[in-house]
Amino acid sequence: MSFALRSARFFVYSRSTMRFVQSRSYADEMAFTLAAANKVFYADANIRQVDVPSFSGAFGILPNHVPTLAILMPGVVAVHENGGGVKHIFVSSGTITVNADASVQLLAEEAHPVEDLDPSACRELLSNAQNQLSSASGDVARAEAAIAVEVAEALVEAAK
């Protein structure tokens with residue numbers, strides 16, 4: 001391939017990328033949706049930031065974050081609202097999507113406000129999950145019990 005052809009391809013790619021970047025608005029808030037099977041917490045709400053626990057590490061999302069898709073691990077999501085408050089919501093698992101239009105969707109299998117968590121109930125849940133793991137026979141039963149322990153440990157940590 002000639003140098004001129006490679007340069008032309010790069011120029012076309014660069015111009016289309018520049019148009020994509022120019023089409024995004026640079027604001028100090030973003031549209032955010034957080035929904036779970038048990039409740040919708042935010043539906044296209046304007047927020048300043050959201051911090052999420054993912055399997056590749058915890059990270060924060062600000063307006064105009066690069067488009068991203070990540071798998072959530074059990075833990076606490078911190079939603080920084082426009083009024084300056086921060087809401088903490090425990091999620092058991094799910095996905096987070098940052099779209100090219102700067103909107104963000106977090107879909108959780110289950111989610112609960114941290115202030116609603118009962119620390120003693122969470123410790124009891126962890127104890128039961130650990131007992132299930134120790135008595136599990138078979139690969140599937142052990143895997144399911146290990147997941148239950150992981151979620152219960154995160155619940156106990158969040159309820160502190």
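In this text, all values refer to a predicted model and were calculated from it rather than measured experimentally. The residues of the chain are indexed from 1 along the displayed sequence.
- Of the inter-residue distances, the one linking Thr33 atom OG1 with Leu106 atom CG reads 9.5 Å to the nearest 0.5 angstrom.
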Could you give me the CA-CA distance, side-chain angles and deciding distance for Leu126 and Val149, then say whether side-chain contact (heavy atoms from CB on, under 4.5 Å) is met?
CA-CA 6 Å; Leu126 175 58; Val149 167; 4.2 Å; yes
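- Note: the hydrophobic cluster containing Phe41 also contains Met30 (ILVMFWY, side chain heavy atoms under 4.5 Å, direct or indirect links).
- If you run side chain to side chain donor-acceptor pair (under 3.5 Å) between Tyr42 and each of Lys87, Glu81, Gln105, only Glu81 comes through.
- Between Ser120 atom OG and Leu125 atom CG the span is 11.5 Å, to the nearest 0.5 Å.
- Scanning all heavy atoms of the two residues, the minimum distance from Asp44 to Ala31 falls at OD1-CB, 4.3 Å.
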If you apply the rule side-chain contact (heavy atoms from CB on, under 4.5 Å), what do you find for Asp51 with Val77, and how did you get there?
CA-CA 6 Å; Asp51 302 322; Val77 172; over 6 Å; no
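- Looking at every heavy atom in both residues, Glu150 comes nearest to Pro74 through OE2-CD, 4.0 Å.
- Each of Leu62, Val50, Val86 was compared with His80 under the side chain to side chain contact (heavy atoms under 4.5 Å, CB included) criterion, and only Val86 meets it.
- Without hydrogens or angle criteria, Asp101 side chain to Ser103 main chain gives a donor-acceptor distance under 3.5 Å.
- In this structure, the separation between CZ on Arg142 and OG on Ser135 is 11.0 Å, given to the nearest 0.5 Å.
- There is a path of hydrophobic side-chain contacts, each under 4.5 Å, that joins Leu72 to Phe59.
- Inspection of the Glu109 and Ser92 side chains reveals no N or O donor paired with an N or O acceptor under 3.5 Å.
- Heavy atoms only, all atoms of each residue included: Ser54 and Ala70 are closest at CB-CB, 4.2 Å.
- When Lys160, His88, His112 are each tested for a side chain to side chain contact (heavy atoms under 4.5 Å, CB included) with Leu117, only one passes: His112.
- Hydrophobic clustering (ILVMFWY, side-chain heavy atoms < 4.5 Å, transitive): Leu133 and Val156 are in one cluster.
- Heavy-atom minimum distance, Pro119 versus Ala159: CG-O, 3.4 Å.
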Show your reasoning for whether side-chain contact (heavy atoms from CB on, under 4.5 Å) applies to Thr68 and Ile96.
CA-CA 8 Å; Thr68 303; Ile96 182 89; 5.8 Å; no
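- Taken from CZ in Phe32 to CG in Asn46, the straight-line distance is 12.0 Å, to the nearest 0.5 Å.
- If you take CG on Asn131 and OG on Ser127, they are separated by 4.5 Å, rounding to the nearest 0.5 Å.
- Cluster annotation: Phe90 is not connected to Ile61 through the hydrophobic network of ILVMFWY side chains, with a link wherever side-chain heavy atoms come within less than 4.5 Å.
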Run the numbers on Val104 and His65 for side-chain contact (heavy atoms from CB on, under 4.5 Å), then give the verdict.
CA-CA 9 Å; Val104 178; His65 191 282; over 6 Å; no
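- Note that the CD1 atom of Ile47 and the CG atom of Asn82 stand 8.0 Å from one another [nearest 0.5 Å].
- Closest non-hydrogen pair, Ala158 versus Val114, comes out as O-CG1, 3.3 Å.
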